[in-house]
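Please read these numbers as outputs of a predicted model, since none were measured by experiment.
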Amino acid sequence: MSARRRYWLMKSEPDAFSIDDLQRVGTEPWTGVRNYQARNFMRNGMRTGDGVLFYHSNCTPPGIVGIATVACEAYPDPTQFDRASHYFDPKATQEEPRWFNVDVTFERKLSRIIPLDEIRAHADELGEEFALVKRGSRLSVLPVSAAQWNLLLSLE
DNA sequence: GCCAACGTTGGC
DNA sequence: GCCAACGTTGGC
């Protein structure tokens, strides 16, 4: 019995890591997530092969710029153990890691950016609970339903 | 660069 | 367990 493919949206600041960077490297460990809700989505929800909408945040304009796939199940984020890392967490131990990450593989760039304001214009169809268009939501990893996935990509 | 919204921390 | 202070996110 095979599990159904799930869909996600992952935010990245293009100054730090853009869709072009992902295209260049092919596969990237999605380290540095330090929010429990986002961690739980990666650790408990993501399966190899899941679809990812790659979103550029903190830029002009913010929006969905590409598609990636989840390359493996979550494993302990190595940056939490690295004293030299910005993401070092003194409370994390090898026995009890706090933070997890998946690897993400480039699939394709969209033919154009789907900007946030255009996504917002479809808030009714996307639903109140869609974290991307929820006021004040800062979640950097969030689930996307099949219907939302199809609607968003139909805007391309 | 500003700042609203939100999550986390830690004193009590 | 409350909640003020603080840090971060991310649109603008």
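Using a cutoff of 4.0 Å between basic side-chain nitrogens and carboxylate oxygens, A:D117 and A:R120 are not scored as salt-bridged. Between A:K109 and A:D20 a salt bridge is recorded (basic side-chain N to carboxylate O distance below 4.0 Å).
Each ring-ring contact (aromatic ring centres under 6.0 Å, His included) pair with one or both residues in residues 49-90 of chain A, not counting sequence neighbours, appears once here: A:W30-A:F54, A:F54-A:H56.
Atom CD of A:E129 has more than 12 neighbouring heavy atoms from other residues, nucleotides or ligands inside a 6.0 Å radius.
Across all strands shown, A:R34 has no heavy atoms under 4.0 Å from either base or sugar-phosphate atoms.
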Revision key, fill the gap. Each nucleotide of nucleotides 7-12 of chain C classed B (base within 4.0 Å of a protein heavy atom), S (only sugar-phosphate) or -, in 5' to 3' order, makes BBBBBS
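A donor and an acceptor atom, one from each side chain of A:T69 and A:R5, are nowhere located under 3.5 Å apart.
The nearest heavy atom of DNA chain B to A:K91 and to A:G136 marks one nucleotide each, and the one closer to the 5' end goes with A:G136.
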